[in-house]
Protein chains: 4
Amino acid sequence: MEKGKIGTKTLEEKRDESIQKILHAAMEVFAELGYEGARVDEIAKRSGVNKAMIYYRIGDKGKLYEEVIHYVFGDTVERISKNIKDELSPEEKFKVYLENITKTMAEHPPLPRIMMREIASGWTNFSEAIVKDISGILVIIKGIIDDGVRKGVFIDINPIVVHLMAIGTILLFNLSMPVRQNFYHLLEGKIDVPKDASFEHILPDIEKMMLRALKA
Amino acid sequence: MEKGKIGTKTLEEKRDESIQKILHAAMEVFAELGYEGARVDEIAKRSGVNKAMIYYRIGDKGKLYEEVIHYVFGDTVERISKNIKDELSPEEKFKVYLENITKTMAEHPPLPRIMMREIASGWTNFSEAIVKDISGILVIIKGIIDDGVRKGVFIDINPIVVHLMAIGTILLFNLSMPVRQNFYHLLEGKIDVPKDASFEHILPDIEKMMLRALKA
Amino acid sequence: MEKGKIGTKTLEEKRDESIQKILHAAMEVFAELGYEGARVDEIAKRSGVNKAMIYYRIGDKGKLYEEVIHYVFGDTVERISKNIKDELSPEEKFKVYLENITKTMAEHPPLPRIMMREIASGWTNFSEAIVKDISGILVIIKGIIDDGVRKGVFIDINPIVVHLMAIGTILLFNLSMPVRQNFYHLLEGKIDVPKDASFEHILPDIEKMMLRALKA
Amino acid sequence: MEKGKIGTKTLEEKRDESIQKILHAAMEVFAELGYEGARVDEIAKRSGVNKAMIYYRIGDKGKLYEEVIHYVFGDTVERISKNIKDELSPEEKFKVYLENITKTMAEHPPLPRIMMREIASGWTNFSEAIVKDISGILVIIKGIIDDGVRKGVFIDINPIVVHLMAIGTILLFNLSMPVRQNFYHLLEGKIDVPKDASFEHILPDIEKMMLRALKA
DNA sequence: TATGAATGAGACTTCATTCAT
DNA sequence: CATGAATGAAGTCTCATTCAT
């Protein structure tokens, strides 16, 4: 067999694969239990990688967490800003923005939890880079609103307010899913109670509310 | 001296005082570091009581956390529903509701953090009682919206959506305070950037947005 | 009310009563759990006496244990040597000796357990006085055997062997009671299996065996 | 070097060695001080392994104790029933039975102490397996007596009585060794006082007594 | 590169004992 | 005499990290 190859994978591919497995497992565990609650043993177990390997490949628990944060928030800006084409109307741009946030969270289930924990911890682990990322998103949403204001379709409102509102609402929606059923019986008699309270079904409500709030 | 008195305090008062000190310190520490991150030693240190005292008076770390949760969420419903008088207009009721949430969080700084952590943890420690509390609040907001709909001032919208939006936004606002300054330079040129980004100054923005979203 | 009296009891009577209650509770607890396993709190609870009172009245845990040992083994010699009248035949003397040991243990249920634990611990807490007590008993049994030998009814045997055999057998009988039922099914077919395996019913067997062993 | 080998030991051997060291030390310490009195630190110190190792390899203190009990009583039945050949006379069988009990205890010095403590504690930690072991021994001694009865050399006696007598006597002999010297001066004038009061020297006396008791 | 063995530091918890009235 | 409050010291247990091969 060719040197440097294992099966059909190069050593490098194998290493990358290990790192991927570790990061995925770590992401899950950190999301479920938080930084302090997470156990390196558990991460090793879930990733199917020897514990010492984690130290060898990535580093200590803190470094591992940093990597996870980086991994999780890595392309968030790109994702959120994706498809916000210039030729779209401000409303359409805003919808794409909301949908992208929603989709990003749906595709990375640990993301909302890690985000909330990080915020609750005082953004301690949000590195300069991530703060810059968030700035990037703020610039985008500012652009959308400015455009709307110019075109007379949006009111003039602080984009930070808008973004926090969007993120806060979506986060809470996302994470309240498991307990939301407990509350629906309170709403008997309301026509529009969705039997399926899943995230996708409620996104339109959020969109509707936010656009109503924004529209001039 | 009268039996059962120590200085000017009865034994009972002394005990209650110890308990109060412990709960306050615990509340702070749990808020800052989460359940797993909190150290019983630290709680003892901050409360100025011996560590064994915590076990003597309250119980183990888990029991202490439960007590804190109970203590923190104890009268939340009352606080939030306070002053929502029948003679008020739906808009006014809604404003009182938002302001009460805001004030409650402002008065109990650890509350938002503990809340976010709990939500991120999957509401694991939200006891039956707390879920009932939240139900109580939902009933209130449902009442406000129903009233508004009847009077033709509000659109017919799922109250859960409204509440999650309110809570999510306020939570995020509250907890983003320490980093918000980092972002304001991005907004240069916007007229209404508040130099003082404190919570109270932004509440009107939230109110405005939410009411615009609700109004028929 | 007369000074120094409480109800109809003098202070001294009351104190003695407290001490009795403490010692009885302590005896029980030490028997059940051993010195290390016993908790001063538990002793206080069972005796109905405030924990600090134990320290005030008796002393620390070690002192309390000493007192219990003293209390428990106090009149054992007297009890065992009681009724061994000179005019009795050696066999009758020996029977009285065995019965007295048996009765003493039956009347002081904690005694066998404490005894076994003490022996297992290397007789650590058996003070000089208690060792002297045991010597006293040995002298008695030696006298019985010597008498028997003189009269030609007993073989000449080391009295220590006899005493250890008696004590060992009775102790083990006493303490195996709770589990003995588990074994009786093994003996099906044997005629003399007692349905009631209580101590008193088996004493005759022990007597019979020991006398057969001793008789010339 | 061969994979999985450390020096001349395989990993597995190294692990087993650790476990052995822990169990031996634990056996000693539990025997000396009882379950409650034993300190995990002390066990670690004596076994020469890190304290955490105990938890890693065996488990908590309770589990460790269980393992010790298992280890100590493990092959007791086999040992005691060993060499009791069918062609032996009932008396010879009984002697072998007594000698085997004696030897087993002599080879495992902690055994008698642990046994006495366990009995004093109410047999709490004697698992199903150990009770079964004891049953096994009872069946053996029952066989010996039945054989003797059939051959007309033994009286018909409850084997439980016999076994308790044997065990009780041997246990007490064994554990009274350290204090027995204190008593020998009482026996001056008796011819057969052994200068060396060690266990082996007294076994014949026990044998003699028990056989006299049994013989028809 | 990979892994089972091993451990120091520190967390949680208990409990005998003393304090303050 | 009596008692609830309080605590220092020490025990059990865990876990991130390193070692040895």
Side-chain angles (χ1 to χ4, degrees), chain A residues 4 6 11 14-15 18 36-44 49-57 59-62 64, chain B residues 1-7 9-15 17-19 36-44 49-57 59-64, chain C residues 6 11 14-15 18 36-44 49-57 59-64, chain D residues 1-7 9-15 17-19 36-44 49-57 59-64:
Chain A
I6 296 166
L11 273 178
K14 192 144 173 278
R15 197 193 58 202
S18 275
E36 297 280 353
R39 299 290 168 248
V40 178
D41 272 300
E42 176 67 18
I43 293 170
V49 162
N50 184 284
K51 182 169 49 160
M53 210 57 209
I54 294 176
Y55 286 85
Y56 181 64
R57 281 267 133 79
D60 66 16
K61 195 181 173 184
L64 179 55
Chain B
M1 192 183 289
E2 196 183 337
K3 198 175 180 248
K5 286 241 186 184
I6 298 167
K9 287 172 200 155
T10 62
L11 273 182
E12 202 179 335
E13 281 167 355
K14 205 158 165 244
R15 187 196 59 204
E17 199 186 319
S18 280
I19 292 178
E36 298 280 353
R39 298 292 170 242
V40 178
D41 270 304
E42 176 67 17
I43 293 171
V49 309
N50 184 284
K51 182 169 47 160
M53 197 67 212
I54 294 174
Y55 290 87
Y56 176 55
R57 287 266 96 100
D60 66 16
K61 193 181 173 184
K63 186 71 181 359
L64 178 56
Chain C
I6 297 167
L11 274 178
K14 192 144 173 277
R15 196 193 60 202
S18 275
E36 297 281 353
R39 300 289 169 247
V40 178
D41 271 302
E42 176 67 17
I43 293 170
V49 163
N50 184 282
K51 182 169 49 161
M53 210 56 209
I54 294 176
Y55 286 85
Y56 182 63
R57 280 269 134 78
D60 67 15
K61 194 182 174 184
K63 189 66 180 9
L64 180 55
Chain D
M1 191 183 291
E2 194 183 338
K3 197 175 179 252
K5 287 239 187 186
I6 298 167
K9 289 171 199 156
T10 62
L11 272 183
E12 201 178 338
E13 281 166 354
K14 204 156 165 249
R15 188 195 58 202
E17 199 185 319
S18 280
I19 291 178
E36 298 280 353
R39 299 291 170 244
V40 178
D41 271 305
E42 175 67 18
I43 293 170
V49 309
N50 184 283
K51 181 170 48 163
M53 198 67 211
I54 294 174
Y55 290 89
Y56 176 55
R57 286 267 97 99
D60 65 16
K61 193 181 173 185
K63 188 70 180 1
L64 178 56

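Labels below follow one simple rule: chain letters A, B, ... track the order of the sequence lines, proteins then strands, and each chain is numbered from 1. As the structure is a computational prediction, the values presented were derived from the model and not from experiment.
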Item to check | Atom of B:A44, atom of B:K51 and distance for their closest heavy-atom approach | outcome: CB-CA, 3.6 Å

Checklist entry - If you look at every heavy atom in C:E36 and C:K61, which pair is closest and at what distance? => result O-NZ, 3.7 Å

Checklist entry - Want to settle it: does D:G62 or C:V49 sit nearer the 5' end of DNA chain F, counting the closest nucleotide to each? => result C:V49

Next on the checklist: Any side-chain N or O of B:S18 below 4.0 angstrom from OP1/OP2 of F:dA6?
Outcome noted: yes

Checklist entry - Within the structure, does a side-chain N or O atom of C:R57 lie under 4.0 Å from either OP1 or OP2 of F:dC1? => result yes

Next on the checklist: Just to be sure I understand the rule, does C:A44 reach a base, reach only the sugar-phosphate, or reach nothing, if contact means heavy atoms closer than 4.0 Å?
Outcome noted: nothing

Checklist entry - Which atoms form the tightest heavy-atom contact between C:L64 and C:I54, and what is the distance? => result CD2-CG2, 4.0 Å

Checklist entry - What's the spacing between C:K63 NZ and C:R57 CZ if we round to 0.5 Å? => result 13.0 Å

Checklist entry - Reckon A:R39 has a side-chain N or O less than 4.0 Å from the OP1 or OP2 of F:dT14? => result no

Next on the checklist: From CD1 of D:I43 over to P of F:dT12, roughly how many Å is that when rounded to an integer?
Outcome noted: 8 Å

Checklist entry - Rounded to whole angstroms, how far apart are NZ on C:K63 and C1' on E:dA16? => result 17 Å

Item to check | Which nucleotide in E:dT18, E:dT7, E:dT17 has an atom nearest any side-chain atom of C:K51 | outcome: E:dT17

Item to check | Nearest heavy atoms of A:Y55 and A:D60, plus distance in Å | outcome: CE2-CA, 3.7 Å

Checklist entry - Counting only side-chain N and O atoms of D:Y55, is one of them less than 4.0 Å from OP1 or OP2 of F:dT14? => result no

Checklist entry - E:dT1 phosphate, OP1 or OP2: any side-chain N/O from A:Y56 under 4.0 angstrom? => result yes

Checklist entry - Atom CG of D:L64 and atom C1' of F:dC13: how far apart are they, to the nearest Å? => result 13 Å

Checklist entry - In the strands shown, is F:dA20 matched to any nucleotide by a Watson-Crick or G-U wobble pair with both distances under 3.5 Å, and which? => result E:dT3

Next on the checklist: Please pick, from E:dA6, E:dT1, E:dG4, the nucleotide with the shortest atom-to-atom distance to any side-chain atom of A:N50.
Outcome noted: E:dG4

Checklist outcome for this item: Out of F:dT17, E:dT17, F:dT12, minimum distance to the side chain of C:D60 belongs to E:dT17

Checklist outcome for this item: Rounded to whole Å, the CD1-C1' distance (B:I54 to F:dA5) equals 15 Å

Checklist entry - Taking atom P of F:dT18 as reference, at what distance in whole Å does atom CE of A:M53 sit? => result 15 Å

Item to check | Comparing C:K61 and B:G59 on DNA chain E - which has the more 5′ nearest nucleotide | outcome: B:G59

Checklist entry - Quick one: which of F:dC13, E:dC15, F:dT3 gets closest to the side chain of B:A52? => result E:dC15

Checklist outcome for this item: Separation of F:dA10 atom C1' from C:E36 atom CD, nearest Å, is 12 Å

